[in-house]
Colleague: 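Structure below; questions to follow.
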Amino acid sequence: MPDAPVKVLGFAGSLRQGSLNRMLLRAAVELAPAGMTIETFDLSAIPLYNGDVEAQGDPPPVAAFKDAIRAADAILVATPEYNYGVPGVLKNAIDWASRPPSGSALIGKPAGIMGASPGGFGTTRAQLQLRQVFCFTRTLPLPQPEVLVARAADKFDAGGRLADEKTREFVRLLLVALQEWTLRLRG
Ligand SMILES: Cc1cc2nc3c(=O)[nH]c(=O)nc-3n(C[C@H](O)[C@H](O)[C@H](O)COP(=O)(O)O)c2cc1C
C-alpha cells in the first residue's frame, strides 16, 4: 500500500510583506513533490510569550499554531538571520509551541529548515542556532541538505517567484529528503 501523504506545516520567521523568507516558503509550496502537501501558518498574530498570559490559557492564535503543528506530520521553517541568530518573531513562536515541555506539539516532529538572506552566508548561523533550539524541544530536524539562499534578492522575480533554477532544485531536494525523513520516522 502506498504511504499516506505527508502533511507539512510551513512558517516563516518574518512578518513583512516583501519578505524573502515568505517568498521562499511560497516556492516550497509550489515545488512540493507528489505525496506531500504544504500548508502555511502566518505568525503575525502570535503575541509575545508571557507566562502569566499562558497561565490563563493559550491566546487563540497560539492555540491555532499548536493545533496546526499537531495536525502536521512535519514542519518546514524558513528563517531569516538577525544578528547571527534566529529572529525574535520565530523564536517567540517556537517558545509558545514548546509549552508544556513535557508534551509539546514540537516533540518528535520532523523539521525541514531553510533560509534566505540578501547577504553572502544565506542564514547559516541562524539555521545552526535553530538546530540548537530544536535539541531542547526534541524536534527532529532533517540533517541535510541545507538550503542557504545567499544573495537572495537576486533570486526572486518582481512577482516574488523564486526564479533561480539552482535554488529551485535545492528546495526540491530538501522537500524530497524531508518526505523520506518523515516517512522513516513514522516507522
Ligand atoms: C535586526 C536585523 C539584523 C540582521 N542581521 C543579519 C545577519 O546577522 N545576517 C544576515 O545575513 N542578514 C541580517 N539582516 C538582514 C536580513 O537578512 C534581511 O533584512 C532579510 O531580508 C530578512 O529576511 P526577510 O526578507 O524574510 O524579512 C538583518 C536584518 C535586521 C533587520
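Residue numbers run from 1 in the order of the sequence given. Ligands are counted one by one from 1 in listed order, and the atoms in each one are counted from 1 as well.
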Colleague: What is the nearest protein non-hydrogen atom to atom 22 (C) of ligand 1, stated with its residue, atom name and distance?
Modeller: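 Of the protein heavy atoms, Pro80 CB, 3.9 Å lies nearest.
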Colleague: Please write out which residues are connected to Phe41 in a hydrophobic cluster, directly or through intermediates, given that two of Ile, Leu, Val, Met, Phe, Trp, Tyr count as joined at side-chain heavy-atom separations below 4.5 angstrom.
Modeller: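 Leu9, Phe11, Leu15, Leu43, Ile46, Tyr49, Val53, Val62, Phe65, Ile69, Ile75, Val77, Val86, Val89, Leu90, Ile94, Trp96, Leu106, Ile113, Leu130, Val133, Phe134, which link up through side-chain heavy atoms under 4.5 Å apart, make up the rest of the cluster.
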Colleague: Is Arg22 in polar range of ligand 1, meaning some N or O pair under 3.5 Å apart?
Modeller: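 So ligand 1 has no N or O lying under 3.5 Å from an N or O of Arg22.
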Colleague: Let me check something: do Leu174 and Leu183 share a hydrophobic cluster, defined by ILVMFWY side-chain heavy atoms less than 4.5 Å apart, either directly or through other members?
Modeller: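 Linked within one cluster.
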Colleague: Do side-chain atoms of Glu81 reach the backbone of Arg125 as a donor and acceptor pair under 3.5 angstrom?
Modeller: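 A pair under 3.5 Å: yes.
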Colleague: So if I count the atoms of ligand 1 from 1 in the order they appear, which ones are less than 4.0 Å from some heavy atom of Tyr84?
Modeller: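 Going through ligand 1 atom by atom, the ones under 4.0 Å from Tyr84 are 7 (C), 8 (O).
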Colleague: Nearest heavy atom to atom 26 (O) of ligand 1: which of Ala152, Ser117, Ser19 does it belong to?
Modeller: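 Among Ala152, Ser117, Ser19, the closest heavy atom to atom 26 (O) of ligand 1 belongs to Ser19.
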Colleague: Would one find an N or O of Pro118, backbone or side chain, under 3.5 Å from an N or O of ligand 1?
Modeller: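 There is no such contact.
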Colleague: So do Asp58 and Glu54 actually touch side chain to side chain, heavy atoms under 4.5 Å?
Modeller: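 Yes - at least one pair of side-chain heavy atoms lies under 4.5 Å apart.
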Colleague: Considering only protein heavy atoms, which is closest to atom 19 (O) of ligand 1, and at what distance to one decimal place?
Modeller: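 Among all protein heavy atoms, the one nearest atom 19 (O) of ligand 1 is Tyr82 CE1, 4.7 Å.
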Colleague: Decide yes or no for Met114 and Leu76: does some side-chain heavy atom of the first lie under 4.5 Å from some side-chain heavy atom of the second?
Modeller: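 The answer is yes; the side chains approach within 4.5 Å.
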Colleague: Should you measure from each heavy atom of Asn83, which atoms of ligand 1 turn up under 4.0 Å away?
Modeller: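 Selected atoms, number and element: 1 (C), 3 (C), 4 (C), 5 (N), 6 (C), 7 (C), 8 (O).
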Colleague: Between Arg16, Met23, Arg125, Glu81, flag the one that comes closest to atom 6 (C) of ligand 1 by a heavy atom.
Modeller: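 That would be Glu81.
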Colleague: Between Arg172 and Glu169, is there a salt bridge with N-O shorter than 4.0 Å?
Modeller: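 Between Arg172 and Glu169 there is a salt bridge, with a charged N closer than 4.0 Å to a carboxylate O.
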Colleague: Taking only heavy atoms of Asn21, which atoms of ligand 1 are found under 4.0 Å from at least one of them?
Modeller: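 The atoms of ligand 1 under 4.0 Å from a heavy atom of Asn21 are 23 (O), 24 (P), 26 (O).
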Colleague: Under 4.0 Å and counting heavy atoms only, is there anything from the protein next to atom 11 (O) of ligand 1?
Modeller: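 Given the 4.0 Å cut-off, atom 11 (O) of ligand 1 counts as touching protein heavy atoms.
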Colleague: Is there a donor in the side chain of Ser44 and an acceptor in the side chain of Asp42, or the other way round, less than 3.5 Å apart?
Modeller: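 Per modelled atom types, Ser44 and Asp42 side chains form a pair under 3.5 Å.
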Colleague: Looking at CZ of Arg26 and CD of Glu30, how far apart are the two atoms once the value is rounded to the nearest 0.5 Å?
Modeller: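 Result: 10.5 Å between the selected atoms.
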Colleague: Looking only at heavy atoms, is any part of Ser14 under 4.0 Å from ligand 1, and if so is it the side chain, the backbone, or both, or is it neither?
Modeller: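 Only the side chain of Ser14 comes within reach of ligand 1.
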